[in-house]
Every structure is written in C-alpha cells, then in structure tokens.
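For reference, the structure is listed below as structure tokens.
No experiment lies behind these values; they were computed from the predicted model shown. FYI, side chains are in, hydrogens and waters are out, and symmetry mates aren't considered; it's all heavy atoms of this structure.
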Amino acid sequence: MRTMRDVKIGETVKVVKLNGEGAVKRRIMDMGITKGEEIYVRKVAPLGDPLEVTVRGYELSLRKADAEMIIVE
C-alpha cells in the first residue's frame, strides 16, 4: 500500500482509495482528489511538507498528514 507521501517528484500516480473520515476526507475530495483521479507531483518542500501537485489541471499544496490518507498506485 503506497500513499501520496511516498511518491517522488515527477511521478504521476492514480488514486485508489481515500482513508480518513468526516471533514478531513470531505476536504480532500473537495480539492478534486477522488478515486481514479491522476495526480502529478511537481515539487516537495525541503523538509517534505508540503507537496505541490497538479490535479484536474490546477496546482494544489498538500500537507504530509493529508498525503498519508491518499492511497495510490
């Protein structure tokens, strides 16, 4: 099981599942990250938090805590 936190710069991955519950899961889905969506990792901050990704044609920053909830392949 691989999460968004494990993805390297320049990789494109596909969302398999979203972990988490309630408001946190809803917020991730509201950002456009849903099952089957492709995510491209553009940058990672020097300390690894946050990640800058491209999803659905726009750029988004994800915290490590949120990235751990996104299962990818």
Side-chain angles (χ1 to χ4, degrees):
M1 213 165 58
R2 189 170 164 207
T3 66
M4 274 302 297
R5 188 174 178 181
D6 305 323
V7 179
K8 305 292 180 213
I9 297 171
E11 279 188 80
T12 300
V13 293
K14 188 174 183 178
V15 177
V16 175
K17 180 182 176 187
L18 293 175
N19 289 333
E21 295 180 12
V24 177
K25 185 174 181 178
R26 181 83 238 157
R27 186 168 44 83
I28 292 171
M29 292 174 71
D30 287 344
M31 289 188 278
I33 300 172
T34 56
K35 185 176 177 181
E37 194 61 40
E38 288 193 349
I39 301 175
Y40 172 73
V41 178
R42 293 175 41 94
K43 297 180 196 170
V44 178
L47 298 175
D49 194 17
L51 294 101
E52 187 176 308
V53 300
T54 301
V55 60
R56 296 184 188 249
Y58 67 94
E59 288 153 16
L60 175 69
S61 290
L62 285 175
R63 294 180 293 179
K64 272 195 232 182
D66 293 340
E68 287 178 346
M69 295 180 192
I70 305 167
I71 309 298
V72 298
E73 63 180 5

Checklist outcome for this item: side chain to side chain contact (heavy atoms under 4.5 Å, CB included) with Lys25: of Arg27, Glu21, Met29, only one passes, and it is Met29

Checklist entry - Are Val72 and Tyr40 linked, directly or through other ILVMFWY residues, by side chains that come within less than 4.5 angstrom of each other? => result no

Checklist entry - Do Met4 and Ile33 have side-chain heavy atoms sitting under 4.5 Å apart? => result no

Checklist entry - Which distance, rounded to the nearest 0.5 Å, do you find between the CZ of Arg5 and the CG of Leu51? => result 9.0 Å

Checklist entry - Do any pairs count as a side chain to side chain donor-acceptor pair (under 3.5 Å) and have a residue in residues 8-18, sequence neighbours left out, and if so which ones? => result Arg2-Glu11

Item to check | Minimum heavy-atom distance Arg42-Thr54, with the two atoms named | outcome: CD-OG1, 2.7 Å

Checklist entry - Which pair of heavy atoms, one from Gly32 and one from Arg56, lies closest together, and at what distance? => result O-NE, 2.8 Å

Item to check | Name of the residue among Val24, Leu18, Thr3 meeting side chain to side chain contact (heavy atoms under 4.5 Å, CB included) with Met69 | outcome: Val24

Checklist entry - CD1 of Ile28 to CG of Leu62: how many Å apart, nearest 0.5 Å? => result 7.5 Å

Item to check | For the student: nearest non-hydrogen atoms of Thr34 and Val15, plus distance | outcome: O-CB, 3.4 Å

Checklist entry - Is Val7 linked to Ile9 within one hydrophobic cluster, defined over Ile, Leu, Val, Met, Phe, Trp and Tyr using a side-chain heavy-atom separation of less than 4.5 Å? => result yes

Next on the checklist: Are Val55 and Val44 connected into the same hydrophobic cluster when the rule is that any two of I, L, V, M, F, W, Y join if their side-chain heavy atoms are below 4.5 Å apart?
Outcome noted: yes

